[in-house]
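Reviewing the structure listed below.
None of these values were measured; they are calculated from a predicted model.
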Amino acid sequence: MPELPEVEVVRRGVQQWASTAHVTAVEILDQRSLRRHVDGPEDFIFRLVGQRLGASHRRGKYLWIALDEGYRAIVIHLGMSGQVLVSDPDITDPKHLKIRITICRDDDIQELRFVDQRIFGGLYIDTLLPAEDHPEELIPETVAHIGRDPLDPLFSAEAIFRQLRKRKSSLKRALLDQTVSSGIGNIYADEALFRARLHYARPTETLTRNEVSRVYTAAEQVMRLALSQGGTSFDALYVNVNGESGYFDRSLNVYGRAGKPCLVCRENGNDTLIVRQKFMNRSSHYCPKCQPVPRRARW
């Protein structure tokens, strides 16, 4: 599933190529990609055609494009395999094309294409409301429950520390909880925990203020590094708006490296191997030496 850096790469591409463009036509090729738009395809088309696209925004893994007319936005959820491509109309339609939005800016006609093989993602139009903690910021109503992410200028590790001290959970569960903080998925959680030298089963109520700051700072560092390389591209389905894949997978320290030597330990003359364990129907990767199992682990 695309994580925060992948969605941010797409947001930047949409901002560059689609912002200020007018919507001239909308074609729905698969209504399943509009199931979140409760008023149906005809309403979706009616509300979009003739609109001018504003700035693109993101909260965690949710992406939206503001509409200039009224407090509304197109919300895009990539799901497991969703792609947003900005393409010349003459380019052959990609396989699994679900929605085509024709846009025009300065007489340049392009298509905003939503492609989704597994059909877990989709588009819908939502109302923009003032954010509860920052009324000057407008956010889709359906995204209001999502926490801020480590790249957000208003992100507060102190506020998260106060939340986590009241919980009886494991650290990785908290990292993946999008209502606490958003945008961190399985890959970046493992990488952040490795950088912070903390085990994924660490009980949240035992964390110190410094440890919480450390792990979220590590998450920010990992995601900024991934952004600089275009995201992580384990799945060939993930591409940015120009159809180019990311390469952060070449810079991972633990994720996907089970049975291989820890890079930090190897530099210190040790041969500790990365361990992979089942976790929440997924996997966790860690170094037993750099990230020792806590005595009061929460599995």
Side-chain angles (χ1 to χ4, degrees), residues 1-67 72-105 108-126 128 140 142-143 183 230-231 233 235-246:
M1 176 180 288
E3 299 190 26
L4 183 153
E6 288 76 45
V7 181
E8 175 61 15
V9 168
V10 172
R11 186 203 67 79
R12 292 179 182 183
V14 170
Q15 176 69 21
Q16 179 181 355
W17 298 104
S19 178
T20 74
H22 285 85
V23 177
T24 60
V26 177
E27 183 181 3
I28 311 300
L29 290 91
D30 192 329
Q31 295 188 15
R32 291 176 294 177
S33 293
L34 276 182
R35 64 188 177 280
R36 294 179 177 87
H37 188 79
V38 294
D39 292 324
E42 291 184 2
D43 180 79
F44 183 83
I45 295 171
F46 173 77
R47 292 184 181 279
L48 268 190
V49 174
Q51 288 280 357
R52 181 173 177 267
L53 301 181
S56 59
H57 304 271
R58 180 190 53 74
R59 172 72 70 91
K61 302 176 188 178
Y62 283 84
L63 166 69
W64 66 93
I65 308 170
L67 301 176
R72 291 183 178 274
I74 311 169
V75 182
I76 303 170
H77 194 277
L78 299 178
M80 291 290 291
S81 60
Q83 301 172 18
V84 176
L85 304 174
V86 179
S87 303
D88 188 287
D90 294 332
I91 295 177
T92 304
D93 287 349
K95 193 176 181 181
H96 308 299
L97 177 63
K98 305 302 180 185
I99 299 173
R100 185 200 322 275
I101 301 174
T102 304
I103 58 176
C104 180
R105 183 173 63 179
D108 179 29
I109 298 175
Q110 297 286 327
E111 291 182 354
L112 198 64
R113 298 174 173 181
F114 181 71
V115 179
D116 193 1
Q117 177 177 326
R118 297 169 187 160
I119 322 179
F120 289 113
L123 277 63
Y124 60 96
I125 296 175
D126 198 7
L128 294 173
T142 52
V143 184
S233 191
D235 192 333
L237 291 171
Y238 170 69
V239 293
N240 66 20
V241 295
N242 294 319
E244 299 170 347
S245 296

Which atom of [X] lies closest to which atom of [Y], heavy atoms considered:
X	Y	answer
Ile125	His37	N-ND1, 3.2 Å
Arg36	Gly122	NH1-N, 3.6 Å
Arg105	Gln16	NH2-O, 3.0 Å
Pro89	Ile109	CD-O, 3.4 Å
Ala66	Ala73	CA-CB, 3.9 Å
Leu128	Pro140	CD2-N, 3.5 Å

**Report entry** Short side-chain donor-acceptor distance under 3.5 Å, Thr142 and Asp126
**Finding:**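 Note: Asp126 and Thr142 side chains meet the donor-acceptor criterion.
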Once rounded to the nearest 0.5 Å, what's the spacing between atom [atom1] of [X] and atom [atom2] of [Y]?
X	Y	atom1	atom2	value
Ile74	Leu112	CD1	CG	7.0 Å
Gln15	Thr20	CD	OG1	9.0 Å
Ile76	Arg58	CD1	CZ	13.5 Å
Leu123	Ile65	CG	CD1	7.5 Å
Arg52	Ser19	CZ	OG	7.0 Å
His77	Lys61	NE2	NZ	7.5 Å

Query raised in the report: Going by heavy atoms in the side chains, are Val84 and Leu78 under 4.5 Å from each other?
Result: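 Val84 vs Leu78: side chains touch.
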Query raised in the report: Less than 4.5 Å apart, any side-chain heavy atom of Ile119 and any of Ser33?
Result: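 Of all side-chain heavy-atom pairs linking Ser33 with Ile119, at least one is under 4.5 Å.
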Query raised in the report: How would you list, by chain and number, every residue that makes a side chain to side chain contact (heavy atoms under 4.5 Å, CB included) with Pro94, sequence neighbours excluded?
Result: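 With neighbours one apart ignored, the set is Leu85, Leu97, Arg113, Val115.
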Query - Residues that Gln51 engages under side chain to side chain contact (heavy atoms under 4.5 Å, CB included), provided they are two or more places apart - result: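 For Gln51 the side chain to side chain contact (heavy atoms under 4.5 Å, CB included) partners, ignoring immediate neighbours, are Leu67, Glu69.
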Donor-acceptor pairs are to be reported for all side-chain atoms of residues 22-30 against protein atoms at under 3.5 Å, with residues two or more places apart or in another chain.
from: Thr24; atom 1: OG1; to: Thr102; atom 2: O; distance (Å): 3.3
from: Glu27; atom 1: OE1; to: Arg100; atom 2: NE; distance (Å): 2.9
from: Glu27; atom 1: OE1; to: Arg100; atom 2: NH2; distance (Å): 3.4
from: Asp30; atom 1: OD1; to: Arg32; atom 2: N; distance (Å): 3.0
from: Asp30; atom 1: OD1; to: Arg32; atom 2: NE; distance (Å): 3.1
from: Asp30; atom 1: OD2; to: Arg32; atom 2: NE; distance (Å): 3.3
from: Asp30; atom 1: OD2; to: Arg32; atom 2: NH2; distance (Å): 2.7
from: Asp30; atom 1: OD2; to: Lys98; atom 2: NZ; distance (Å): 3.3

Report task. Please name all residues satisfying salt bridge (Lys or Arg N to Asp or Glu O under 4.0 Å) with Arg59, sequence neighbours left out, ordered by chain then number. Result ->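 Glu137.
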Query raised in the report: Residues in salt bridge (Lys or Arg N to Asp or Glu O under 4.0 Å) with Arg35, at least two apart?
Result: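 For Arg35 there are no salt bridge (Lys or Arg N to Asp or Glu O under 4.0 Å) partners, ignoring immediate neighbours.
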Report task. For Tyr124, enumerate each residue passing the ring-ring contact (aromatic ring centres under 6.0 Å, His included) test, keeping only those at least two apart in sequence or located in another chain. Result ->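 With sequence neighbours excluded, Tyr124 shows a ring-ring contact (aromatic ring centres under 6.0 Å, His included) to no residue whatsoever.
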